[in-house]
Each structure stands twice: as structure tokens, then as C-alpha cells.
Amino acid sequence: MPIPPDAFFLDHAAGLPLQVQLRRQIIAAVTAGRFRAGEKLPSTRALARHLGVARVTVAQAFAELVSTDYLASRDRSGHYISDSIERRLEAEPPAPGTPRFDWDSQFEGRFARAQRTDRERDWRRFAYPFVYGQADPALVDHAAWRDCAMRALGRREFDSLTGDLYDADDPELVDHIARQILPRRGISAGRDEILLTMGAQNALWLVTQVLLRPGASCAIEDPSYPGQREILLASRARILPVPVDARGLPPDAIPPGVAAVFTTASHQCPTNSTMPLARRKELLARAQAQGFAVIEDDYEFEMSFAGAPSPALKAIDRAGAVIYIGSFSKSVFPGVRLGYVVADPRVIAEARALRGMVLRHPPGHMQRTLAHFLSLGHYDAQANRMRRAYARRREVMLAAIAQQGLRLASPEATGGSSFWLATPEGVDSAALAARLKAREVLIEPGAPFFALAARGRGFFRLAYSSIAAERIPEGIRRIAEALRDPAG
């Protein structure tokens, strides 16, 4: 793609020769990667006209850059960024002792401090990645998704996609969520009770900002989803961890005076335990009596392998105290970055206004593509395919765990796409994870899931969404071998 003339500018009052300015500007753009090898520059005539300078000024600057191999001249074609460019900055370096701007005094850095740094971004290069939340591309119907994307780009629909929806959502996608997705969880909701988000993480952030003022108290499960704690820490809310048991969050342990309770009732994160119906009803009764909101993160309801999943808290909520959060990251693929909030219309209106200030709305093309994916039956077909594959992987992993003598920390858990395991006495899961990386195995240490990191040293999570069934036994064997030889 040619570099347009308006990518260049000159300061006629700078006191620096215009030819030098142009030459340095091109070098800086090449060094920073804005101009790339093979890209064509404007003609000397067009650039001179745009900059308001003599054509010879541009021609001389180009000639200098050709001589230093930043540009290449092609007969009857023009000038291009050289294919053999040396990435070096010709501009003068700052003078010794030049003070740097003090960014530390401009902000607190609380967002960066709250963020996790322990995740392996390049997880695909490992032979045995037991990494949670990543998709196996082999299970995603690429052809179907491409067809839906092309439908969304068709002439009939393209006009609506090119506009700004302001604070609105794609009505087709909202309709399919209301009619196809939510009824499976026993939830009935109108259009004014549904808001689309950029995934569950964005949904949690919106809800936190709407509900919790700085200093307000909220209860979370312990252990819990680390991303949720990151959001709450950055919001300056007062976080009160409540230890979970084999049945999830115990309602009678919720401290008084909280404004909100965050829970993963269907598949507790990370233990995968399920809150029984009686406890769900007790939690809702306490919410009504004590006046706190319940935020239900139903992140993985599709993955249940022991009969029908329990009804969502939102489905049995008669007072309207539950804010329900869902996501397509697990059932479609993480990169789709679409989720939704279901709540009282007043909550949705406030969250919609906040979302509008930050990002307007999720990309219209992605919304419409997903709407087609749902309406044409591809979503159900893919969810069923994933469920079968995950059921098989779960079976293989359970057998391998039993064979190698590893210990499940939540043996009663029947859902989700991962297992929560305990290490032998005295074995730190973070140290275990570091040793396993050298053996091509990725696991998730338990510390990030706990309010007090030390409590998580004896636990780790193994997920199977990102690893093929045939690789699981060898990966588990390597984990067991590392546990038997802590010094290895």
C-alpha cells in the first residue's frame, strides 16, 4: 500500500533545513516501524506539492536516503522503503543529563499492579499445555464462521454495519440471546434487560463501576477468578474474601454490610464445585433481607457432564437482585470477545451509558456475524462437538490422574473444562510449574486464585480445552514425575 503524502509534514519555522527535516522524518518512521520495507513513497512532485516546497528539496532528501540504503529507487516506478534497510536511528540522541518526564508523579499505577503477569502468552509452543480458557482450533467450525462473516459483509446488511449504533446493540443478536441462549438457563429477559459487552471481563468491569463506589464492601469467593479480583482492586472497593467449601459459596459466611456478592455458582472458579439449589435459594433470601446485589458469573454453563446443569441463580430470582453475566468465549472461541449482562432495566441503562462513554458498543460486524452463527444452527452444532470432545478429554484425564496417583482437590466436581488438584505436602505449585515448563508442560499454579497467595501454594489447575486427548496421558505422567522428584 503506498504511503500517502499526508503522512509527512514540515515545520517551516523550525530553523532546520526542510530537506534535513524530511530526511529525519523518514528515518524515524522507518526505525519505529511505521514505514515498512517495500512500501512506496509519494512521487517527488506530489510530496513537494503537499509540503509546499520546491520539488528539488524532496528529490535531494530522497537521493540522500537512497545513498544510505533507507530508500531504493526503481526506474519509472518511484522510490520505495529499502528491502535491506538497516534499523538505526540517525537522529541525534538526547544530550547527556536531559531530564525525562516524570510519569510516576502523574498516576498511581494501580492498574498495572493489579494485573496478572504469570500467564504464558506463547502457550502453543508447549507440547502439553493444560491452559484454561484457550480454544482448540480443530473444534471450531472455521468454514461456518467465515460464511457467517461474509453474510454480514453482504450488500444488504453492510449499510447498517458501517454506522455508529451509539449505545445500541445488534437487535438480531440480542433477540437470539433472549430466545435461544437464556432459556437454556431458565432465564426470561426482555431487550431492555440485556446488554452486550466485550466478553465477561468487560461485563464484570461495567457492573463493578456501576455498583461499587470507592470504599464500598463486596464479598468474593476464595479462591476465585483472578481477573475479577484485578477489577475490584483497581476500583478501590473493599474486598471481603469468603472461603468456599465443597458446595461453593456458603451464604451464612457472607459478612454484613456488603453492597454486592460475586459468585460462580454453577462452576465455582477454580474448584468447579456446584452450588446446590437449597444454598442458591438461601443466598437469594439473604440478598433480599440484607439488600446486596448478587453478580452471577455463569462463564461455563455449557460444560456439564453429570446430567442437566442446575438452574441459574437468575432463573430463580424473583426479587431482581441478580445480575447475570454470560460469555461466548468458551462456546465459540475466546477471540470473539463478546459477552452479555442480564439485569434489571435500570442496571442495564446505567451500564449502557457507561459503556457508551468508553467504547460505544462492541464491533457491529462481530455482533452480526455471531447472530448468523446462532440463527443458522452453527452455535449448537459447535457446542455439541465441543461437549463431546471435552467429555472424552475429561475421561482420559481422570484415568491418567488416577493412574499416576495425583490428588483431586475437588473430587465431587462434575463440570467445567478443568480440574483443581492438590500438591503433596510441602510442594509449592509455583515452583512445580517452573520445573514443568522446562519439560514442555504448562499448568496454572494456585496462588493467583487466592486472596492470600500463600494459601494457593498447595493447589494447581489443569485444563483440557487446549490440549488433544492423545497428549493428555504423557503430560500427566510428566507432572507426576516432577512431583516425585521435587529437586529435579
Side-chain angles (χ1 to χ4, degrees), residues 129-145 148 176-177 179-187 199-200 225 248 264-275 296-312 314-315 324-340 370-401 408 410-420 461-473 475-476:
F130 295 100
V131 179
Y132 183 81
Q134 296 292 353
D136 181 351
L139 300 178
V140 177
D141 191 337
H142 172 260
W145 184 263
C148 292
H176 286 303
I177 290 172
R179 291 190 301 106
Q180 293 187 37
I181 303 299
L182 296 180
R184 299 173 187 180
R185 302 297 288 125
I187 299 171
Y225 171 49
T264 49
S266 294
H267 292 139
Q268 201 282 324
C269 177
T271 67
N272 285 317
S273 61
T274 299
M275 185 184 293
E296 177 183 16
D297 183 1
D298 201 16
Y299 64 100
E300 207 174 37
F301 81 83
E302 303 94 340
M303 297 302 125
S304 181
F305 303 106
S310 302
K314 185 67 176 173
Y324 180 89
I325 293 174
S327 170
F328 292 101
S329 293
K330 308 299 184 296
S331 53
V332 183
F333 50 83
V336 74
R337 301 311 314 147
L338 284 174
Y340 49 91
L370 182 57
H372 287 313
F373 200 72
L374 286 166
S375 66
L376 295 173
H378 299 309
Y379 175 86
D380 288 334
Q382 179 164 304
N384 289 333
R385 183 167 56 253
M386 286 182 167
R387 198 176 293 115
R388 289 192 298 269
Y390 288 173
R392 171 58 181 157
R393 294 178 191 186
R394 183 180 183 85
E395 179 183 332
V396 171
M397 189 174 284
L398 273 173
I401 287 172
L408 292 171
S410 299
E412 70 288 338
T414 58
S417 58
S418 64
F419 289 101
W420 186 240
R461 182 165 70 174
L462 296 181
Y464 47 82
S465 62
S466 53
I467 183 170
E470 59 269 18
R471 286 187 170 271
I472 289 173
I476 298 296

Checklist line | Aromatic ring pairing Y464/F419, orientation class (parallel under 30°, perpendicular over 60°, tilted between) | finding: tilted
Can you find a pair of side-chain heavy atoms, one from [X] and one from [Y], that are under 4.5 Å apart?
X: F328; Y: I177; result: yes
X: H378; Y: C148; result: yes
X: V332; Y: L338; result: no
X: N384; Y: Y379; result: no

Partners meeting side chain to side chain contact (heavy atoms under 4.5 Å, CB included) with [X] (sequence neighbours left out):
X: A463; answer: Y132, S418
X: V140; answer: F333, Q382, M386
X: S329; answer: S327, R337

Does the [X] side chain pair with the main chain of [Y], one donor and one acceptor, at a distance under 3.5 Å?
X: R185; Y: I181; result: no
X: S465; Y: S417; result: no
X: S266; Y: D298; result: no
X: S273; Y: Q268; result: no
X: E300; Y: H267; result: no

Measuring from [X]:[atom1] to [Y]:[atom2], what's the distance to the nearest 0.5 Å?
X: I325; Y: K314; atom1: CD1; atom2: NZ; result: 11.5 Å
X: I467; Y: I472; atom1: CD1; atom2: CD1; result: 5.5 Å
X: Q180; Y: D380; atom1: CD; atom2: CG; result: 6.5 Å

Distance-minimising heavy-atom pair for [X] and [Y]:
X: R393; Y: D136; result: NH2-OD2, 2.5 Å
X: P129; Y: S466; result: O-OG, 2.9 Å
X: A315; Y: G186; result: CB-O, 3.3 Å

Item checked: Test log, rule side-chain hydrogen bond (donor to acceptor under 3.5 Å, both in side chains), inputs N272 and S410 -> CA-CA 7 Å; N272 285 317; S410 299; over 6 Å; no
